[in-house]
Amino acid sequence: MIHATGPLLSIDLDAREATTEGIDDVLGAFVGGRGVGTKLAFDRVPFDADPLGPENRLYLTTGPLQHSSMSFTGRMNMTGVSPLTGGLASSNAGGFLSRNFTGTGYAAVELRGAADEPLAVHVREDGVTFESVPELVDAEVPAVTDWAEAEHDLAAEHLACIGPAGEHRVRYACVMTSETRAFGRTGLGAVLGSKNVKVLTFDGDAAADVEIDAVQSEIHREAATSDHIMKRQGTTSVTELANEVEALPTDYFSKQSFDGVEGIGGDAVESKKYKKGTCSQCAFACKLPTRDEAAGVETEGPEFETVMAWGSNQSVDDVVEVMKGNELCDRLGVDTISAGDTMAAYLASEDDLGDAERARELLRKAAFREGEVGDLLAEGVHRAAPELGVDDWTVKGLEFAAHDGRALNGQGLSFAVSNRGADHMYAGFYAKEYPLVSKEEALDKRGLEGKPPLVAEAENHAAVLDSAVACKFSRDFVSDERLGALLDADYDDLLDVGARVVELERAFNNRRGFDRDDDALPYDLDGFADALDEYYAARGWRADGVVPGLGEPGASDGPAAADD
Ligand code: SF4
């Protein structure tokens, strides 16, 4: 089995010094990306760490596939304890950073402690330098990009930075790269802000030579020549289908389909697309650079989830307004899903859904924690809902993505058991339940019978992709067999790696007090309790959702299998 290569670079922000150490055993057992970030966090972050305290750590990692020039590999991983969920979480960003990170020669970078002033941290193959950046306080993401270009001759694809939201520890702040790409979910931008790091830069020529094998060539060729609808409409191509099967949350989750879908769906987004967009090396190019000259807005996206969070869920039926919301989220550095859902919660509480300009004003206040309203909305739906008097549409504190589980019941189960909360990419189970989203024959979207072991397997598969690191939208091109060939491993052995990653996340969270009670949904699904039992049994966990041994107080750290 191939894996990422290179040492761990550990950066002590208090002392402003960095050390390297070999982690070959971790790389061998966990491949790279999310697997390596999770194992390092499990071993090195105290179980009782305050997510926004100096004892929390952040891990940036790539995988072995970032040494290839194959499509679907322009992504990388970040891991830490989430200020939104309180659990261990990983987030994954596309764009162009992964190759510049790999160029530094490190398999993983760890940030620990906290600086006493705002810093830029520059990582190169020959070491780390620290730069005081008072001039970047409260700078929006494009201003950080301009600064890096002017001061260091580094383009946006060398940066991982936060906007004002991260500095103000907004719980759904993200880390931005390539200006418009986000390590979006679970609030890791607030963690970077708590460490007083405004921007990280990565630059170097230490990456190993690229070798292309026959499988990689075939996948790349197919990605380049495919006429897949995602190449025109990206993720928004699913909007009308989601609406049709009542899987499109609308009016702050009070409905599951939207009368105004035509104004915000795939065709509407495509009509604003002005060029192709992609991630490094990817010939599939599913990204969506859009603009509307009359409105003076240019952005990348909206993706489908943003169409939900800033469109249907806010009762907004104009794609230009959704684009403006998307652009503002990127500028301020917040996750479009959590931010959009949070603004929808507020507007629902005021009976003011549909006012897109108000939603953007509220987000500006939240990003700076301005006034009582801004401070409240910076906390996200879970913490704001009681005061707003609305239902708490989160799982483990993470706001819901689309692909509504009330319609796609297996996806509903997946939202509930996901270690990082109500996120659709943790298992990507929705793709198995929609008719015609992938080449696979769709499951009956209703009911949970037979689905719990499939959810577990889908989670394991996703964890392998996140460790490799390969994009989830490779699903029609990277079969199980091809994934095995790409990583020089039996597919079943890879699933075992994925299972260990999921189990480590679960055990870490168990040690922080998470159990079955946290695997809960804000709606009923027939057979849900039985499905939970079946899911835990499939994983070999206790009926209360706790990992035997690792997840129990006093257990020794690290899974036995990790050292195999
Ligand atoms: S399929 Fe899309 S999101 Fe995935 S790497 Fe390619 S361009 Fe990026």
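As the structure lists them, so they are numbered: ligands from 1, and atoms in each ligand from 1.
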### Task
Report the relative orientation of the aromatic rings in F400 and W393; use parallel for angles under 30°, tilted for 30 to 60°, perpendicular for over 60°.
perpendicular
### Summary
So CG of L494 and CG of N460: to nearest 0.5 Å the spacing works out to 11.0 Å
### Task
Closest by any non-hydrogen atom to atom 6 (Fe) of ligand 1: pick that one out of G94, C282, G74, G95.
C282
### Worked verdict on R232 versus D227 for salt bridge (Lys or Arg N to Asp or Glu O under 4.0 Å)
CA-CA 9 Å; R232 289 192 287 112; D227 62 355; over 6 Å; no
#### Entry: Heavy-atom donor-acceptor pair, K272 side chain to V320 backbone, under 3.5 Å
no
### Task
Distance to 0.1 Å, residue and atom name: give those for the protein heavy atom nearest to atom 2 (Fe) of ligand 1.
C286 SG, 2.3 Å
### Query
Which of the numbered atoms in ligand 1 are below 4.0 angstrom from a heavy atom of F72?
1 (S), 5 (S)
#### Entry: Those atoms of ligand 1 less than 4.0 Å from some heavy atom in C471
1 (S), 3 (S), 4 (Fe), 5 (S)
### R75 neighbourhood, listing ligand 1 atoms whose heavy-atom distance to it stays under 4.0 Å
3 (S)
### Summary
Taking only non-hydrogen atoms of T278 and a 4.0 Å limit, the atoms of ligand 1 in range are 7 (S)
### Task
Starting from atom 1 (S) of ligand 1, locate the nearest protein heavy atom and write down its residue, its atom name and how far away it is, to 0.1 Å.
F284 CD2, 3.5 Å
### Task
Using a cut-off of 6.0 Å, state whether more than 12 heavy atoms not belonging to E149 lie near its atom CD.
yes
### Query
So among E327, E298, E300, which one has a salt bridge (Lys or Arg N to Asp or Glu O under 4.0 Å) with R291?
E298
## Note on the structure
of all protein heavy atoms, closest to atom 8 (Fe) of ligand 1 is C279 SG, 2.3 Å
